[in-house]
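In what follows, a structure is listed as C-alpha cells, so that the remarks can point back to it.
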Amino acid sequence: MFEYLGRPLNDWSRGSRRLDDGCELIQKRLAMHLYRTHSCGALRAEHIGAQVRLSGWINAKRDHGQLLFIDLRDRSGITQIVAPERSDELAALSGARLESVVTVTGTVVKRSQETVNPKLNTGEIELQVSTVEIQSEAVTLPFPVAGDQPIGEDARLRYRFLDLRREEVGRNILLRSKVIASIRRRMHEAGFVEFQTPILTASSPEGARDYLVPSRLHPGQFYALPQAPQQFKQLLMVAGFDRYFQIAPCFRDEDARADRSPGEFYQLDLEMAFVDQEEVFATIEPVLAGIFDEFSDWIVTPAPFPRLTYKEAITTYGSDKPDLRNPIHIFDVSDVFRESGFKTFSAAVRDGQVVRALAAPGAAKRSRNYFDQLVKWARSELRSPGLAYLVIDGESKGPVAKFLSKEDVRILSERTGAKDGDAIFFFCAQEYVAARQAGALRQRLGDDFDLIEKNAYRFCWVVDYPMYEREEKTGNIEFSHNPFSMPQGGLAALNTKDPLEILAYQYDVVCNGIELSSGAIRNHRPDIMLRAFEIAGYSADEVKERFGGMLQAFAYGAPPHGGLAPGVDRMVMLLADQQNIREVIAFPMTQNALDLLMGAPSQVSEQQLKDLHIRLELPPDEEPEESKTIDCSE
RNA sequence: GGGGUCGUAGUUCAGUUGGUUAGAAUGCCGGCCUGUCACGCCGGAGGUCGCGAGUUCGAGUCUCGUCGGCCCCGCCA
C-alpha cells in the first residue's frame, strides 16, 4: 500500500541520475558516495556482485560470536549485513548498540536458498561487509524502536524522535505528506490559487478562546493567532482572486479530544467567488472523494454525497455529524405513547416532550445484565432519568411492555423496523435532548452489536443549519454557527421571520461520524450583515469596530462567495485508520497542551517580560514551575 | 471547571481477602556461540511500587490529597 517501501531514495545523489539505476554506473564512479550508493530497501538479486555502500540505523543484531548479522534500516527498508569472521568490522558492529548510525561498505551477495528471507524486500541478498564506519553511537534506548510493542504515551512524546522511527507512526507521517501533496495538486488543477495569510493577526470576539501574543511596540496590546484565516480569505474574494486555498494552520485555545489536538491544527481552507452552495459541493466533492480513493482501498461515497438537512440529521441520527455506516435509524413515536398506559411518557408528551425510538437487531439475546448496564449508562452518561425498552422475543417483554397494548407494540415494531429477536429503546425528553440521547445510544448499539460497516468511508453533507439559536442560560438569540453566513431568504427573512426559524447557507461535511468541515455561503452584503448582527444583539458600531476591515471591504464591491475548510489532520487520521489524531502529527502535544519534548509552555526571562510590558500575577497557590528549557538569558 | 481510568525494573506487564526477601518477558552488563532474521545457551545487575499524608501490628494492595498519561462532559463562531 505504501509505495515508498522498497523504492530507492531519490534525494541523496548529487548527480541528476540516481545511482540505483544500475551497478555499471556505480562502478564507473572513481570514488563512492561518502555515505551511500543505495538505500537500505533498494538492493535486489540484480545487484549481486556489486560493491555498494549503505548507511542507516542498526535495527537488530544477531551475534553468533564468529558470525554477526545486522539489520540495517532506513525509511526505505532493511538490508541484512554480514560481518566476516574474526574481523575488525565484526568487532566494531558487535560493539555498537541498537539504533547506532553506521556506514557499511561491501559486496552484495546472493543468499543460499535456505537462508532467503521472504519477509524482506531485500531478502534474496545480503551485504558482505568490508569496511565499517560508526557515524553516531546510540546510548541505551528508553523503549524499543524495532517491533510494534505498545509504548506509554508520555514516553513516546518525550522521545518523539525515536517514536517517529517506529514503523506505524512513520508510515502515518509519510501518508500525511502524500495526502497534502495530492490536495495541493488537486486544488491547483481545479483552478485554486494558494495563499499565505498572517499568523499574527487581531483577536476576534466570536468563537473559541484566542492564543494571544503581546506586542512589544504597542504596550498593552496583543496580536492573536488566527483561529482560521476566515476574514483574510473573504478579503481575497473581494480582491477578485476567485478561488483561494491554503493548507492553513489554525490556533484555538480549547481543550483536546481524541480527534482534536490542543492548540493547533491544519485545515484545507478554501473559498470561491460567484458560487452557490451546490457549486461549492460539486467542486470539493471530487477532491475529497479523490483523496480518499487515492489513499485507501476502502469503499468511498461517490460524488455527489448525500445531503441531509440539519433537522433530518438530528431527527434520524440524533447527531449533526451522523455516522452513516451505522444502519440504525431513530424514529418519532410520540403519538403512540401519547395515548398509551405508560403515564410517565404520555404525560410528558402532552406536556410537549417527544419520544424517540430506535431498534437494536438481535438484542433480545442479550442478558438482563446487559440491559441493566445500558440503563445505568443512560443515567450517568446521557443524564437521562431512565431508559425504557421493549424486548420483542415471541411476545413483548421489558419494563414498559405491560403498559402497551398489542396494537401499540405492532405499530412500534413496524415503525422502527424491529423484528422478532430485536429490542426497541425509548427516550422521552425535550425534542433536542431526546434526539441527542437517542443519537448516543445509536452509536453505542452500533458498536455493541458490531453493526458499523467495515472498510468504508461514508460521506454526507449536513445542510440548512439554523442561523440563530437561543442561548439556554441567558435566553438570548445567538449565532448558531458562523456569523458571516448568508441567511436563506436574505434581508427579507431577517426582517420578517422568527429568528429561530431562519436557516443559513451553512453546511458541514461529515465522514464516518467525524465532522471534517464547516462551511458557508457568506454574507457579502453590509446591509444584511448589520441586520444579522443586530438580531444577535450587536449594534452597528460594535460590528464596525470588530469587523471593520471586512465590512469596509464589502462596501467596495464584493462578489457573492462561499467556501469551507476540511480538517487535514482528521482526513489523514481517517485514512490512516487511527483512533487518535496524535498518530498523524509529527510533534503533538499531550491532551493537557504540554510539549513534553521541547518543554512548552515554559517560563521566560524577566527581561523578555519587561520588553513586552508584562508583569505576572499568578494565582496565590501556584508557584511558577521550573523552566524546562535552557536559560540563555544569563 | 467536572467525571472516569491508568501509574510496579529501561520497556511491556503480573502481583490473590492487606501478610515472609515485589515477580515474568524483553532490554541492559559479562561469558559462550559460523547461517541467523523474535538467533540460541549460561550468569549478573537493575525497584523511593508516581509523590505526600492517613488507617493498620503490618500497605504495591484500603482511604484522602496531589502530580502525570489517556478517555469523556463542559468548551470547540
Side-chain angles (χ1 to χ4, degrees), chain A residues 59-73 78-87 90 94-95 97-99 109 111-120 122-123 126 128 139-159 162 204-210 227-228 230-231 250-263 265 377 380-383 436 440 465 467-469 471-473 478-485 504 506 515 518-520 533 536 538 546-547 565 567 579-580 582 589-592 594 596 621 625:
Chain A
N59 193 62
K61 235 178 357 175
R62 292 174 294 280
D63 191 343
H64 296 233
Q66 290 311 309
L67 178 66
L68 170 67
F69 299 102
I70 294 282
D71 287 344
L72 196 66
R73 182 200 74 234
I78 285 176
T79 300
Q80 175 163 279
I81 312 296
V82 190
E85 56 185 295
R86 277 182 286 281
S87 62
L90 189 149
S94 173
R97 283 198 196 82
L98 294 182
E99 295 303 312
V109 299
R111 294 203 198 186
S112 68
Q113 203 59 47
E114 318 84 70
T115 60
V116 164
N117 184 351
K119 288 185 218 160
L120 294 181
T122 62
E126 62 195 8
Q128 194 74 39
V139 298
T140 301
L141 300 166
F143 54 76
V145 167
D148 53 2
Q149 184 191 153
I151 309 294
E153 197 71 27
D154 43 352
R156 291 181 59 195
L157 295 180
R158 213 174 295 276
Y159 297 93
L162 289 180
S204 72
E206 294 291 316
R209 263 187 297 273
D210 284 320
Q227 297 186 18
Q230 182 66 36
Q231 293 191 60
C250 303
F251 305 90
R252 295 178 193 175
D253 188 3
E254 298 296 344
D255 291 339
R257 288 290 184 276
D259 64 352
R260 199 167 87 203
S261 52
F265 59 96
W377 172 80
S380 65
E381 295 296 311
L382 309 182
R383 293 194 209 109
R436 297 304 292 245
Y465 273 80
M467 182 83 185
Y468 300 100
E469 64 192 13
E471 219 279 325
E472 276 185 38
K473 282 171 234 156
E478 292 193 342
F479 289 111
S480 66
H481 250 78
N482 187 322
F484 304 125
S485 303
Q506 165 82 45
E515 180 194 317
S518 279
F533 272 92
Y538 296 86
R546 287 170 166 175
F547 307 107
Q579 300 308 305
N580 195 287
R582 284 185 302 274
M589 293 199 281
T590 67
Q591 178 172 254
N592 221 5
L594 293 174
L596 298 180
D621 53 337
E625 290 169 39

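Here is how names work: the chains are called A, B, and so on, in the same order as the sequence lines, proteins then strands, and each is numbered from 1. Below, all heavy atoms of this structure are taken into account, side chains as well, without hydrogens, waters or symmetry copies. Just so we're clear, the structure is a prediction, and the values are computed from it rather than from any experiment.
Taking atom P in both B/rU8 and B/rC49, one finds a spacing of 11 Å when rounded to whole Å. B/rG23 and B/rG15 have their P atoms separated by 15 Å, with the value rounded to a whole Å. When the P atom is used for both B/rG46 and B/rC29, the distance is 15 Å, rounded to whole Å. Nucleotides B/rG68 and B/rG47 are separated by 26 Å at their P atoms, to the nearest Å. Between B/rC33 and B/rC42, the two P atoms lie 16 Å apart (nearest whole Å). Distance noted for atom C1' between B/rG50 and B/rG60: 12 Å (whole Å). Across B/rU66 and B/rU21, the matching C1' atoms stand 31 Å from one another, rounded to whole Å. Across B/rC6 and B/rC75, the matching P atoms stand 28 Å from one another, rounded to whole Å.
Salt bridge status for A/Arg260 with A/Asp255: absent, with no side-chain N to carboxylate O gap under 4.0 Å. Using a cut-off of 4.0 Å between Lys/Arg side-chain N and Asp/Glu carboxylate O, A/Glu153 and A/Arg582 are scored as salt-bridged.
Residue A/Arg257 places a side-chain atom within donor-acceptor reach of the base of B/rG74, judged by atom type and a 3.5 Å distance cut-off alone. Side-chain atoms of A/Arg252 and base atoms of B/rC75 include no donor and acceptor less than 3.5 Å apart.
If you check every strand for non-hydrogen atoms under 4.0 Å, A/Gln227 touches nothing. Base contact: A/Thr115 has a heavy atom under 4.0 Å from a base atom. As judged by a 4.0 angstrom heavy-atom cut-off over every strand, A/Arg97 is placed among residues touching the sugar-phosphate backbone only. Looking at heavy-atom distances under 4.0 Å, A/Arg383 makes contact with sugar-phosphate atoms alone, never a base. As judged by a 4.0 angstrom heavy-atom cut-off over every strand, A/Glu515 is placed among residues making no nucleic acid contact.
Heavy-atom contacts from other residues, nucleotides or ligands closer than 6.0 Å to OH of A/Tyr159 number 12 or fewer.
Nearest-nucleotide assignment on RNA chain B puts the 5′-proximal partner with A/Leu67, out of A/Ala258 and A/Leu67. RNA chain B is contacted by both A/Ser480 and A/Asn592; A/Asn592 maps to the nucleotide lying nearer its 5′ end (nearest heavy atom per residue).
A/Asp71 pairs with exactly one of A/Lys119, A/Lys61, A/Arg62 by the salt bridge (charged side-chain N to carboxylate O under 4.0 Å, His left out) rule, that one being A/Arg62.
Counting only distance, with no hydrogens or angles, the side chain of A/Gln506 and the backbone of A/Gly519 share a donor-acceptor pair below 3.5 Å. A distance-only check finds a donor-acceptor pair linking the side chain of A/Glu254 to the backbone of A/Arg209 [under 3.5 Å]. Side-chain N or O atoms of A/Gln66 include one that pairs as donor or acceptor with a backbone N or O of A/Arg86 at under 3.5 Å. In this structure a side-chain-to-backbone donor-acceptor pair under 3.5 Å is missing from A/Arg156 to A/Ile151. A/Glu99 places no side-chain N or O within donor-acceptor distance of the main-chain N or O of A/Leu141, the cut-off being under 3.5 Å. Within the 3.5 Å criterion, the main-chain N or O of A/Gly123 finds a donor-acceptor partner in the side chain of A/Arg111.
Among the nucleotides B/rC72, B/rC75, B/rG69, the one closest to the side chain of A/Glu254 is B/rC75. Considering only side-chain atoms of A/Gln80, the nucleotide from B/rG35, B/rC39, B/rC72 that sits closest is B/rG35. Which of B/rG35, B/rC76, B/rG1 sits closest to the side chain of A/Ala208 comes down to B/rC76.
Residue A/Arg582 contributes atom CZ, which lies 10 Å from atom C1' of B/rC71 at whole-angstrom precision. Spacing between atom CG of A/Asp259 and atom P of B/rC71 amounts to 10 Å, rounded to whole angstrom units. Rounded to an integer number of Å, the gap from CG of A/Leu141 to P of B/rC28 is 8 Å. Atom CH2 in A/Trp377 sits roughly 19 Å away from atom P in B/rC71 (whole-Å rounding). Taking atom CG of A/Leu98 as the reference point, atom C1' of B/rG10 lies 13 Å away to the nearest angstrom. One can place CD of A/Glu381 at 15 Å from P of B/rC71, the figure rounded to the nearest angstrom. In this structure, CZ of A/Arg156 is placed 17 Å from C1' of B/rG68, rounded to the nearest angstrom. Taking atom CG on A/Asp63 and atom P on B/rC37, their separation rounds to 14 Å, with Å as the unit.
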Between the protein and nucleotides 11-15 of chain B, which nitrogen or oxygen pairs come in under 3.5 angstrom?
unit_1	atom_1	unit_2	atom_2	d
B/rU11	O4'	A/Pro142	O	3.4
B/rU11	O2'	A/Gln149	OE1	3.0
B/rU12	OP1	A/Gly152	N	2.5
B/rU12	O4'	A/Gln149	OE1	2.3

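Lacking a ring centre under 5.5 Å from that of the base six-membered ring together with a plane angle below 30°, A/His64 does not count as stacked on B/rU36.
Every stem involving RNA chain B, taken as at least 3 paired positions in a row under the Watson-Crick or G-U wobble test at 3.5 Å, is listed here: B:1-7 with B:67-73, B:10-13 with B:23-26, B:28-32 with B:40-44, B:50-54 with B:62-66.
Between A/Phe484 and A/Phe533, the ring-plane angle classifies as tilted under the 30° and 60° cut-offs.
Close to B/rC39, at under 4.0 Å from its OP1 or OP2, lies a side-chain N or O of A/Arg62. Residue A/Lys61 places no side-chain N or O under 4.0 Å from the OP1 or OP2 atom of B/rC37.
Note that CZ of A/Phe69 is 7.5 Å distant from OG1 of A/Thr115, once rounded to the nearest 0.5 Å.
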